[in-house]
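Worksheet: the structure to be examined is printed underneath.
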Amino acid sequence: MALTDFGKALRKARIDIDYTLRTMAEELETSPAYLSCLETGSKKISKSWIDKINSFLRNKGVEVDELELEVLANISNQSVPLDGLSQQHKMLVAGFAHSPFTPSQLKKFAKLLEEVSEGNK
């Protein structure tokens, strides 16, 4: 089974720290098969697993963009959790999910969002 984008990011990080699937699984106290299922998207990636993986990678000295890893997990899961979001955020998520925007228009929105986010730092 092909890797998801989450799986590709996780595998790259794992290889960067010279860990095999087995050695990483052992440290995370899970099976290599389960970790492989997270990489391939055949298992849903819970928030607790995202946190566990982020913590593991940080402890190994890997620069982790936690939001990016969470977004990639959401894409792999084919769902975006709405709990904790304001009503306005929920409306935006739902609106974009069912929008008639073209890929080109969505790229423009993404660029605008990136620019606005940079202004908040």
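FYI, side chains are in, hydrogens and waters are out, and symmetry mates aren't considered; it's all heavy atoms of this structure. Predicted model, so just to flag it, every value in this text is computed and none were measured.
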Flag if over 12 foreign heavy atoms under 6.0 Å of NZ, K107 | no
Check L10 against M24 and note the closest heavy-atom contact, atom names and distance.
-> CD1-CE, 3.4 Å
Do the side chain of K43 and the main chain of C37 share a donor and acceptor less than 3.5 angstrom apart?
-> no
Measure the spacing between CZ of F96 and CZ of F109 and express it to the nearest 0.5 Å.
-> 4.5 Å
Short side-chain to backbone donor-acceptor contact, T23 and Y19, under 3.5 Å = no
Short question: side chain of S55, backbone of D51 - any donor-acceptor pair under 3.5 Å?
-> no
Are L3 and V71 grouped together when hydrophobic residues (ILVMFWY) are joined by side-chain heavy atoms under 4.5 angstrom apart?
-> no
Salt bridge (Lys or Arg N to Asp or Glu O under 4.0 Å) pairs touching residues 18-31, sequence neighbours excluded, are E27-K60
Whether over 12 other heavy atoms sit under 6.0 Å from K52 NZ | yes
Tell me whether the centres of the aromatic rings in W49 and F56 are closer together than 6.0 Å.
-> no
Shared ILVMFWY cluster between V80 and I50, side chains joined below 4.5 angstrom?
-> no
Enclosure of K12 NZ (heavy-atom neighbours >12, cutoff 6.0 Å) = no
More than 12 heavy atoms from other groups under 6.0 Å of CD on Q78 = no
Kindly state each residue pair satisfying salt bridge (Lys or Arg N to Asp or Glu O under 4.0 Å) with at least one member in residues 75-89, sequence neighbours excluded.
-> none
Scan side-chain atoms only and decide if S46 and S48 contain a donor-acceptor pair under the 3.5 Å cut-off.
-> yes
